[in-house]
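As structure tokens, the structure follows; a few thoughts come after it.
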2 protein chains.
Amino acid sequence: MSTQTERRRRSDGERSRRTILLTAARLATVEGLDGLTIGRLAAATGMSKSGLFAHFGSKEELQLATIGAAEEIFAEDVLRPALEAEGLERVRALSERFLSHVGRNVFPGGCFFASAAAELDTRPGPVRERVVAVQRQWMDLFEGAIRTAQERRELDPSVDPAQLTFELNALLGEANGLYLLSGDPGAFDMARRGIADRLERAAA
Amino acid sequence: MSTQTERRRRSDGERSRRTILLTAARLATVEGLDGLTIGRLAAATGMSKSGLFAHFGSKEELQLATIGAAEEIFAEDVLRPALEAEGLERVRALSERFLSHVGRNVFPGGCFFASAAAELDTRPGPVRERVVAVQRQWMDLFEGAIRTAQERRELDPSVDPAQLTFELNALLGEANGLYLLSGDPGAFDMARRGIADRLERAAA
DNA sequence: CCTACCGATCGGTAGG
DNA sequence: CCTACCGATCGGTAGG
């Protein structure tokens with residue numbers, strides 16, 4: 001009985017924590033991770049300020065937990081489907097899933113990590129470091145797929161993988177930014193065209 | 001006498017306003033245009049909160065005036081030197097001056113308008129509109145220079161000027177972002193290489 | 001997870 | 001351009 005009650009409580013807490021963090025992640029792409037205040041988040045989730053606060057203990061812990069929730073969403077929506085492919089097809093799938101992710105407005109402020117990176121780039125601390133780490137993972141994944149594509153001779157082995165990663169990510173980032181500023185999905189088409197051209201030129 | 005006193009006062013006010021706005025523009029690339037608070041800005045300029053506030057009348061007016069100051073700095077540092085060239089050389093000069101502008105840390109948070117655009121992209125209102133207008137001017141300038149280069153047969157006339165503008169700006173934006181996150185000026189070299197390659201491929 | 005608070009800071013105003 | 005102030009909201013705490 002007491003065990004069951006405790007289990008229920010814990011699971012209720014988990015569920016409530018999840019709800020809070022999903023709302024927080026969406027809100028943070030609009031208000032920023034710093035503009036995300038405990039009061040507004042409490043209002044958005046229908047909880048009391050201190051009730052919500054009790055889940056995290058500090059604003060910084062809330063921000064870190066929010067980044068974790070955003071990571072999960074991104075992994076599920078972009079990485080998981082793209083990782084089913086390999087080599088050049090993986091490079092294409094990562095790009096296409098990213099553009100689709102932004103275009104479906106999974107987060108109202110576009111790519112969570114582009115938004116967070118722009119906000120935190122000049123603010124030292126553990127929150128910034130966490131965002132940098134996620135960004136680096138993404139770049140490494142991209143670069144790894146390019147290297148595999150070169151081993152398979154789907155891409156010219158003389159191409160610099162870091163340079164190609166930089167260029168493809170530039171196109172993805174610009175599509176995200178331009179779409180948010182203009183509301184025009186044509187931004188995705190320009191990125192697609194740029195990526196297709198660049199990959200064609202890098203073909204073996 | 002009274003005229004001279006009034007002139008002095010007005011000119012003192014102008015000078016003080018200028019000082020405030022230069023500080024505000026630099027601060028805004030770190031704290032954000034919204035994170036830029038009147039209290040912090042007053043402390044940074046050595047004025048009282050209400051004394052500073054009297055110059056603008058509202059936070060929104062302060063934000064708009066700050067954008068105006070950032071525009072002047074950008075025009076002087078990037079546009080003016082680049083506009084001495086024409087056609088393809090202007091495209092190259094706009095790119096190079098932009099990268100130099102970011103690399104010299106004219107603003108501690110990199111390109112003021114990249115920072116502002118990322119912050120305000122999801123926040124409707126006159127401040128956002130002003131940032132969008134500046135961004136559009138920049139893109140139009142770029143596209144115009146590309147068109148001139150095509151008329152002069154420095155670039156292939158079959159190239160889509162909007163598409164090429166998108167791709168070059170993507171590389172500039174990625175350099176700005178990566179430099180701010182990594183602190184590594186190698187980001188500028190990757191952008192330079194990408195731009196040179198892309199322009200070579202677009203040559204007539 | 002709540003009510004009831006805390007000191008600090010926010011944008012803004014009154015009055016000079 | 002200042003002092004002195006306003007109500008609202010901030011992150012966080014006490015105590016349950």
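Since this is a predicted model, take the numbers as computed values, not measurements. Letters A, B, ... mirror the listed sequences (proteins, then strands); counts begin at 1.
Taking both residues in full, the closest heavy atoms of Thr66(B) and Ala24(B) are given as OG1-CB, 3.5 Å, listed atom of the first, atom of the second, then distance.
For residues 175-202 of chain A, the side-chain hydrogen bond (donor to acceptor under 3.5 Å, both in side chains) pairs, not counting sequence neighbours, are Glu96(A)-Arg192(A), Asn105(A)-Tyr179(A), Glu167(A)-Arg198(A), Asp189(A)-Arg192(A). Listed by first then second residue, pairs satisfying side-chain hydrogen bond (donor to acceptor under 3.5 Å, both in side chains) with a partner in residues 49-63 of chain B read Ser16(B)-His55(B), not counting sequence neighbours. Residue pairs meeting the side-chain hydrogen bond (donor to acceptor under 3.5 Å, both in side chains) criterion with at least one member in residues 78-91 of chain A, sequence neighbours excluded, are Glu76(A)-Arg80(A), Glu86(A)-Arg152(A), Glu89(A)-Arg92(A).
With sequence neighbours left out, the salt bridge (charged side-chain N to carboxylate O under 4.0 Å, His left out) criterion links Glu129(B) to no other residue. Partners of Glu72(B) under the salt bridge (charged side-chain N to carboxylate O under 4.0 Å, His left out) rule, at least two apart in sequence or in another chain, are Arg18(B). Take Arg26(B) and apply the salt bridge (charged side-chain N to carboxylate O under 4.0 Å, His left out) test, not counting sequence neighbours, and it matches no residue. In this view, Glu174(B) satisfies the side-chain hydrogen bond (donor to acceptor under 3.5 Å, both in side chains) rule with no residue, not counting sequence neighbours. Annotation: salt bridge (charged side-chain N to carboxylate O under 4.0 Å, His left out) contacts of Asp34(B) (sequence neighbours excluded): Arg123(B). Shown here are the side-chain hydrogen bond (donor to acceptor under 3.5 Å, both in side chains) partners of Asp160(B), two or more places apart in sequence or in another chain: there are none.
You can see that DNA chain C meets the heavy atoms of chain B within a 4.0 Å-exclusive cut from dC10(C) to dT13(C), reading 5' to 3'.
In the region residues 48-57 of chain A, proximity to DNA chain D at under 4.0 angstrom, judged on heavy atoms, holds for Lys49(A), Ser50(A), Phe53(A).
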Read 5' to 3' with Watson-Crick or G-U pairs under 3.5 Å, [ ] for crossing pairs and | for partners on another strand, DNA chain D gives ||||||||||||||||

